[in-house]
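What follows is a short report on a single structure.
Everything quoted here is computed from the prediction, not taken from an experiment.
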Amino acid sequence: MEKQVQQYITYLTPEYIYIPFDNQELLTINKNRLVYHNMSLGTKDDGSYIFSPVSGQIVGLKEMEFNNKKRNTLVVMNDYKDKRERLNPSRNINKTKKSDIIASLQKYNLNKKINSKTTLVVNSLYDKNYDLKDMVINYESYEGILEAIDEFMNIFNMKNCYICIPKNDLYSAYAYEKYINAFMNICLVHSNKKFKDSTAVFYSIEEILAIYKAIHLDYMYDNTIITIYNGKSTIVKVKLYTSLYELLKALKIAYKGKKILVNNKEINEIKDFVIDSSIRSVIIKD
């Protein structure tokens with residue numbers, strides 16, 4: 001009998017998004033302050049590019065709290081149209097130069113040191129109450145993930161890939177086992193401890209989806225999945241840089257007077273907290 005994975009909610013139309021930046025001098029904002037979806041807005045201090053996950057207008061600057069620290073952000077009022085500067089046609093990877101693929105990976109901060117001797121390790125996490133992101137991605141996108149991994153390995157002539165899934169994540173294992181036999185060099189394992197940094201490169205499941213979008217369409221991966229637990233688990237696909245306050249308010253999840261933990265770390269000011277791809281769980285306790 002086929003297993004049924006828990007459904008998730010989508011919230012991809014926030015009223016405002018908060019795009020983090022390091023130095024205002026490194027931003028490239030046009031005079032009318034309009035932005036397009038996937039538009040480059042400048043670079044961070046480390047040279048990586050900053051992209052907008054929505055189209056709309058920059059209405060101000062505000063210091064906001066992220067997973068690790070407070071950061072300055074561009075506040076963009078969403079026009080709900082996701083307008084683009086241009087439509088990028090899907091690439092034929094077999095006819096695309098390797099240098100162009102590497103450039104796209106670098107552009108979206110997905111490039112790592114890889115050669116033909118590198119082992120690809122794709123990490124998948126799972127917690128039946130507090131962190132269901134990877135389980136949902138695996139169950140929903142297992143075919144695309146396996147095909148993307150196979151394609152990625154071929155580009156860099158890698159010989160082996162191991163998808164590391166916890167033993168108790170039966171949903172993910174069930175999904176992959178339906179299709180993985182078609183890929184001789186991709187295996188499921190339950191531990192990544194034997195792999196060394198010197199011989200392996202590590203990506204998350206969500207990064208594999210981002211890689212596919214980057215190399216095929218030259219677009220950013222503009223959403224993420226989080227699990228909100230307040231006595232029951234609610235899985236939400238949310239646009240990057242959405243405020244946690246707006247999300248909880250939209251989902252009508254009570255939080256006032258309660259303790260809020262994000263990735264198991266308590267936060268004090270929910271109205272200033274921004275969701276990015278590092279956020280996996282939000283726990284609300286009395």
Are a donor atom and an acceptor atom from the side chains of D82 and S55 found within less than 3.5 Å of each other? no
Any luck finding a side-chain donor-acceptor pair between N38 and Y108 under 3.5 Å? yes
Sidechain-backbone polar pair: S52 side chain, V54 backbone, donor-acceptor under 3.5 Å: yes
Salt bridge (Lys or Arg N to Asp or Glu O under 4.0 Å) for D272 and K70? Distances and angles first, verdict last. CA-CA 9 Å; D272 292 339; K70 290 186 176 181; over 6 Å; no
At their closest point, which heavy atom of K258 faces which heavy atom of I284, and how far apart are they? CD-CG2, 3.7 Å
When you look at NZ of K112, are more than 12 heavy atoms from neighbouring residues, nucleotides or ligands closer to it than 6.0 Å? yes
Is it the case that over 12 heavy atoms from other parts of the model lie below 6.0 angstrom from the NZ atom of K196? no
Shortest non-hydrogen contact between T227 and N129, atoms and distance: CG2-O, 3.6 Å
Taking all non-hydrogen atoms of both residues, which atom of M153 and which atom of C161 are closest, and how far apart? SD-CB, 3.5 Å
Is the closest side-chain donor-acceptor distance between N138 and S172 under 3.5 Å? yes
Please report, to 0.1 Å, the donor-acceptor pairs under 3.5 Å made by any side chain of residues 23-30, with sequence neighbours excluded.
residue	atom	partner	partner atom	Å
N23	OD1	E25	N	2.9
T28	OG1	G42	N	3.4
N30	OD1	R33	N	3.0
N30	OD1	L34	N	3.1
N30	ND2	L34	O	3.1

Looking only at heavy atoms, the pair that brings L217 and S90 closest together is CD2-CA, 3.8 Å
So, T96 side chain and N92 main chain: donor-acceptor pair closer than 3.5 Å or not? yes
Classify the side-chain pair Y49/Q106 by whether it contains a donor and acceptor separated by less than 3.5 Å. no
Do other residues, nucleotides or ligands put more than 12 heavy atoms under 6.0 Å from Y142 OH? yes
Between the main-chain N or O of L110 and the side-chain N or O of Y203, is there a donor-acceptor pair closer than 3.5 Å? yes
Test: K62 cationic atom under 6.0 Å from Y16 six-membered ring centre, within 45° of axis: no
side-chain contact (heavy atoms from CB on, under 4.5 Å) partner of I137, chosen from L132, I205, I208: I205
Minimal heavy-atom distance between H190 and C164, with the atoms involved, is C-SG, 3.8 Å
All N/O donor-acceptor pairs, side-chain side in residues 143-151, below 3.5 Å, sequence neighbours left out:
residue	atom	partner	partner atom	Å
E147	OE2	Y179	OH	2.8
E151	OE1	H216	NE2	2.5
E151	OE2	H216	NE2	3.4

Whether K237 side chain and Y11 backbone form a donor-acceptor pair below 3.5 Å: no
Shortest non-hydrogen contact between F21 and T73, atoms and distance: CE2-C, 3.5 Å
Side chain of N263, backbone of S281: donor and acceptor closer than 3.5 Å? yes
Which residues pass the side-chain hydrogen bond (donor to acceptor under 3.5 Å, both in side chains) test with N115, sequence neighbours left out? T118
Should the pair K213 and Y219 be classed as cation-pi, given the thresholds of under 6.0 Å to the six-membered ring centre and 45° from the axis? no
Between the side chains of D276 and N67, is a donor N or O closer than 3.5 angstrom to an acceptor N or O? no
Regarding R280 and T224, do their side chains bring together a donor and an acceptor under 3.5 Å, going by distance alone? no
Are more than 12 heavy atoms, taken from residues, nucleotides or ligands other than Y126, located less than 6.0 Å from that residue's OH atom? yes
